[in-house]
Amino acid sequence: MTRNEFKKRFLKARRRIIAGEFSHLNDMQQEAVMATEGPLLLLAGAGSGKTTVIINRIANILKYGRASDCDEIPPYATEAELEVLEAYADRATEEIPEDVKSICALERAEPWRVIAITFTNKAADELKSRLEAILGEQALDIWASTFHSACVRILRRDIERLGIYSRNFTIYDTVDSQSLIKRIVKDLELDEKMFPPRTVLTYLSNAKDQMQTAEDFIDQVSKTRDIRKKQIGEIYREYTKRMREANALDFDDLILITVKMLSEYEDVREYYSNKFKYVLVDEYQDTNKLQYNLVRLLAGKWNNICVVGDDDQGIYRFRGASIENILSFEDQYKNCRVIRLEQNYRSTGNILDAANAVISMNVARKGKELWTKNERGELITLYRAENESDEAQYVATQILEGFSQGLNWGDFAVLYRMNAQSNQLEYAFKRNGIPYRVIGGTKFFDRAEIKDMLAYLCVINNTNDDLRLLRIINNPPRGIGAKTVDTVSQIASEGGVPIYEVVKRAREYTELSGAANRLLGFVNLIEDLRSFAYTAPEGEAAQDTQPKPRPLDELYEYLLRRTGYIDMLEKKNPQENASRIENIWELKSNIITYMQENEDGSLAGFLDEIALYTDIEQLDESVDSAIMMTMHSAKGLEFPVVFIVGAEEGIFPGVRSIGEPEELEEERRLCYVAITRAKKKLYITAARQRMLFGRTSANRISRFVEEIPDAYMDKVQPGITIIRNTGFSAPRPKTEKSRIEWQEKKTVPVTEFRKGDRVHHKAFGEGLLISVTAMGGDALLEIAFDSVGTKRLLCNSAARHMKKIDV
DNA sequence: ATCATAACGCTTTTT
DNA sequence: GCGTTATGAT
């Protein structure tokens, strides 16, 4: 056999074996999995098995290295090995023995040479657990993390290079950043109305995205006459100064500083770019310029960069994401390959076609048409409601109907454009006894009491953290009033020292003589907490090892006792503060969870995790309940039944996007995202009239609905949904004629149901009516259902799903 | 220092 | 329409 012929046969057999390992994937997916080398752009439509491809691609890299994507064979390959391969090539679908795999492999990558970057912790967690499921233990060494946590990891190691920050830097979240800005605006004596913290932060964020320092920013605007921008420049400068003094980094800084460090320090760059032989980035359409730069630097050495995304699902332009990154990837990486995943495994034909129809109206896109082998499925139901409460009731009714047919509550998701829309829906769900969960809205970690507790922990960790220090210096009240705080922070900023230093030396300043005792009391408290935190518990201290830090939960309990925070809440208003106290204990369970998951977990580590992981309470999937959330939060999720509510001009698309072609395209992408969340059934609802922000308006139906061909839709009008007597409501009338007939029927009288009645509810089954309480024009029914427990329903809503049964 | 009332303002959101 | 915040009065 010539060497050439040998090589050919070897390659052929090897390829068949590797392909066999991924034969459960479709052709395009397989191609993507096997294209391990060089730049790869993976355009993955909604529901096309994107994460599966990422997982398998990594598995391929670890198992076979670059064998699936090159024409090289090991120089030491023998004919005996070829025989083994060929013997297995034909039955490649079975489990392949390890020795055969290693004949195939060419430069297997160690797990720590792979970095997979995602946007959300949830996505990162999913990636990690799926990797672990197919790769076992070695998956733990893969860097599967968010942009931000990857940067924190890098910075904790190397940030001291820059000589500005120390390793134990603090992370500021958006709220922290905003309150710092607020302080600065005050201190610079600027008009607070002209500089809302949110807006200013957006400017800073954009500047950082362009890698502009405060000085760059000031330079740039100095040529203009825009005084406001010049002042924003001043704010930026002051912000940077104070952040440095506080040894703090905000979310943008985490990435910015990492990029700076990698650009400026060749040895650091060399270390990471050499380390990461394979770089993968998920949701690439949502990256901003800074993130693009980070990825570019990390992948700079090996150029094995795979970005996965869908230009049609870019919905975060408003926060700086640049869809350009995906649209121009091919220009940036000239020799890159492009693979499209267009087969959808999630939705029915009707739903998918509707989504395709809508998104095809956009101009700025790569062009891609999803298709599916799934059945056509049910038509999309469009419901034109009278007003928002009719809309909500309709949704509730459909859910009850679905539940009575055997679906779970968790199979339903209601998607809206803005959080403010959830109110009416919540009412309707409550009235009808539908268990639900609202995702988003006010977050656990944004609550005042939680912020307070974390502020204490932050100060223990880093006494230079002025912002957090100011938050707790008089909380609980310890007689340090606003005036004292002002004087202290002024002295501090004049001397360029942390506030804590001034507080410590209160006696040295005549201005503070009056408050000195109380200030020193505070110092005492902090020092006490600090020494508690970093001293080993009794008996465990070994003389030859360095002192072990105190377990976090003990520190936390000590903190609660020593500060008297809970006592204060209880004394003040035990009623109102009950939930606050609950939250404080809830934080303790977070601490315990953290300790269980991180054996050598430190206070600093815990604070990192908290700073970057803000949605801990989110998904408790153990409880079966319907889900409500914004369309944005729904990205990446899927549900059997989806309701898109408020499909009206002015709401969706929102007022601010109408007349702005680019914004409108973003709204349309959002619509595409929303539609493609649905697996089996999609409802779209729109109200003729709606009250929002205290104003009633009549809106035209959303243009996005008009963009869906009628053939995919079933249009439904409001019928009278309340029936007169016993018995269930008939199917909703669909024609104008029957609708009018139905309008003759009357509201069910409150007296229809009595205490002690046996009732049958369409969704909840049989039960006993325990009490009837008149409430306005309605009645609250308390019913002990045989199988689902006791529920409280409002008669006007529930009656249509209920009848009395004779005993 | 704390409470009351007036005033504002309000996409979307992750880190 | 509602929830948060700013300001002033006690």
Side-chain angles (χ1 to χ4, degrees), chain A residues 117-124 145-152 171-177 179 182 186 192-193 196-199 201-202 205 208 249-256 258 282-283 286-288 290-291 294 314-321 388 415-424 427 439-443 445-448 474-485 568 572-573 608-615 618 629-636 646 650-658 660 663 666-667 669-671 673-674 690-696:
Chain A
I117 308 176
T118 63
F119 261 85
T120 64
N121 290 301
K122 216 172 90 193
S145 69
T146 63
F147 274 102
H148 297 268
S149 50
C151 286
V152 170
I171 302 168
Y172 277 11
D173 68 18
T174 312
V175 181
D176 297 330
S177 299
S179 39
K182 207 165 154 189
K186 252 185 208 152
E192 292 183 52
K193 291 217 174 73
R198 267 183 60 144
T199 317
L201 188 59
T202 307
S205 209
K208 288 177 187 178
L249 275 71
D250 66 21
F251 288 139
D252 295 318
D253 293 337
L254 291 176
I255 298 174
L256 177 65
T258 308
D282 195 8
E283 306 283 15
D286 289 336
T287 50
N288 61 25
L290 209 48
Q291 287 159 335
L294 177 67
I315 54 176
Y316 288 111
R317 208 177 62 110
F318 71 89
R319 68 173 197 221
E388 71 274 15
L415 310 183
Y416 35 75
R417 180 64 239 268
M418 41 187 175
N419 287 118
Q421 286 171 261
S422 72
N423 267 336
Q424 282 297 326
Y427 288 140
I439 308 285
T442 320
K443 301 224 170 72
F445 290 98
D446 285 344
R447 287 167 223 227
N474 194 35
N475 182 7
R478 46 179 77 90
I480 302 172
K483 221 186 89 227
T484 311
V485 172
M568 169 197 72
K572 235 191 194 165
N573 189 344
D608 268 0
E609 185 149 308
I610 292 291
L612 298 176
Y613 210 124
T614 53
D615 56 351
Q618 294 265 318
M629 66 185 127
T630 62
M631 300 179 199
H632 282 90
S633 328
K635 183 148 139 218
I651 298 202
F652 185 44
V655 250
R656 303 174 112 99
S657 62
I658 291 173
E660 306 275 329
E663 305 260 329
E666 174 135 324
E667 297 276 297
R669 290 192 292 271
L670 183 58
C671 184
V673 168
R690 172 184 305 271
M691 188 163 66
L692 199 65
F693 301 135
R695 232 197 290 282
T696 303

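Values reported hereafter were calculated over all heavy atoms of this structure, with side chains retained and with hydrogens, waters and symmetry mates removed. Chain letters run A, B, ... following the sequence lines, proteins first, then strands; residues in each count from 1.
- If you run side chain to side chain contact (heavy atoms under 4.5 Å, CB included) between A:Leu415 and each of A:Gln421, A:His632, A:Met631, only A:Met631 comes through.
- Note on A:Thr174: every side-chain N or O is 4.0 Å or more away from OP1 and OP2 of B:dT15.
- Within the nucleic acid shown, A:Met691 comes within 4.0 Å of sugar-phosphate atoms alone, with no base atom in reach, counting heavy atoms only.
- The two residues A:Gly314 and A:Asp286 come nearest to each other via the heavy atoms CA-OD1, 3.9 Å.
- Between A:His632 atom NE2 and B:dT15 atom C1' the separation is 16 Å, expressed in whole Å.
- For the pair A:Glu283 CD and B:dT15 P, the computed distance is 12 Å after rounding to whole Å.
- A pairwise comparison of heavy atoms in A:Asn288 and A:Gly320 identifies CB-O, 3.1 Å as the closest pair.
- A:Tyr427 OH: 12 or fewer foreign heavy atoms inside a 6.0 Å radius.
- A pairwise comparison of heavy atoms in A:Ile171 and A:Asp608 identifies CD1-OD1, 3.4 Å as the closest pair.
- If you measure from atom CD of A:Gln424 to atom C1' of C:dG1, you get 11 Å, rounded to the nearest angstrom.
- Residue A:Thr630 places at least one side-chain N or O closer than 4.0 Å to OP1 or OP2 of B:dT13.
- Of the candidate nucleotides B:dT15, C:dA6, B:dT13, C:dA6 has the atom lying nearest to any side-chain atom of A:Lys182.
- Not a single donor-acceptor contact under 3.5 angstrom links the side-chain atoms of A:Arg417 to the base of B:dT11.
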Exercise for the section: Please step through side-chain contact (heavy atoms from CB on, under 4.5 Å) for the pair A:Ile117 and A:Thr287, ending with a clear verdict. Expected result: CA-CA 11 Å; A:Ile117 308 176; A:Thr287 50; over 6 Å; no
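- Put simply, A:Asn121 has a side-chain N or O that comes within less than 4.0 Å of OP1 or OP2 on B:dT15.
- Nearest heavy-atom pair across A:Glu667 and A:Gly654 is OE1-N, 3.0 Å.
- Spacing between atom CD1 of A:Ile255 and atom C1' of B:dT14 amounts to 10 Å, rounded to whole angstrom units.
- Atom CD in A:Glu192 sits roughly 7 Å away from atom P in C:dT7 (whole-Å rounding).
- For the P atoms, the distance linking B:dT12 with C:dT5 amounts to 16 Å, nearest Å.
- Glycosidic conformation at B:dT11 (O4'-C1'-N9-C4 for purines, O4'-C1'-N1-C2 for pyrimidines): syn, within 90° of 0.
- If you measure from atom CG of A:Asp252 to atom P of B:dT15, you get 14 Å, rounded to the nearest angstrom.
- B:dT14 has no stacking from A:Phe119 on its base ring, since the centres under 5.5 angstrom apart and planes within 30 degrees of parallel are not both found.
- Spacing between atom CD1 of A:Ile610 and atom C1' of B:dT14 amounts to 16 Å, rounded to whole angstrom units.
- Between the P atom of B:dT11 and the CZ atom of A:Arg317 lies a distance of 17 Å, rounded to the nearest Å.
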Practice task
Run the numbers on A:Arg317 and A:Glu663 for salt bridge (charged side-chain N to carboxylate O under 4.0 Å, His left out), then give the verdict.
Solution key: CA-CA 9 Å; A:Arg317 208 177 62 110; A:Glu663 305 260 329; 3.3 Å; yes
Problem - Contact state string [nucleotides 1-10 of chain B, B base, S sugar-phosphate only, - no protein heavy atom under 4.0 Å] - result: SS-------B
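- Heavy atoms of A:Glu663 sit under 4.0 angstrom from at least one base atom.
- Using a 4.0 Å heavy-atom cutoff across all strands shown, A:Glu666 reaches no nucleic acid atom at all.
- Among the heavy atoms of the strands lying under 4.0 Å from A:Asn419 are primed sugar atoms or P, OP1, OP2 only; no base atom is included.
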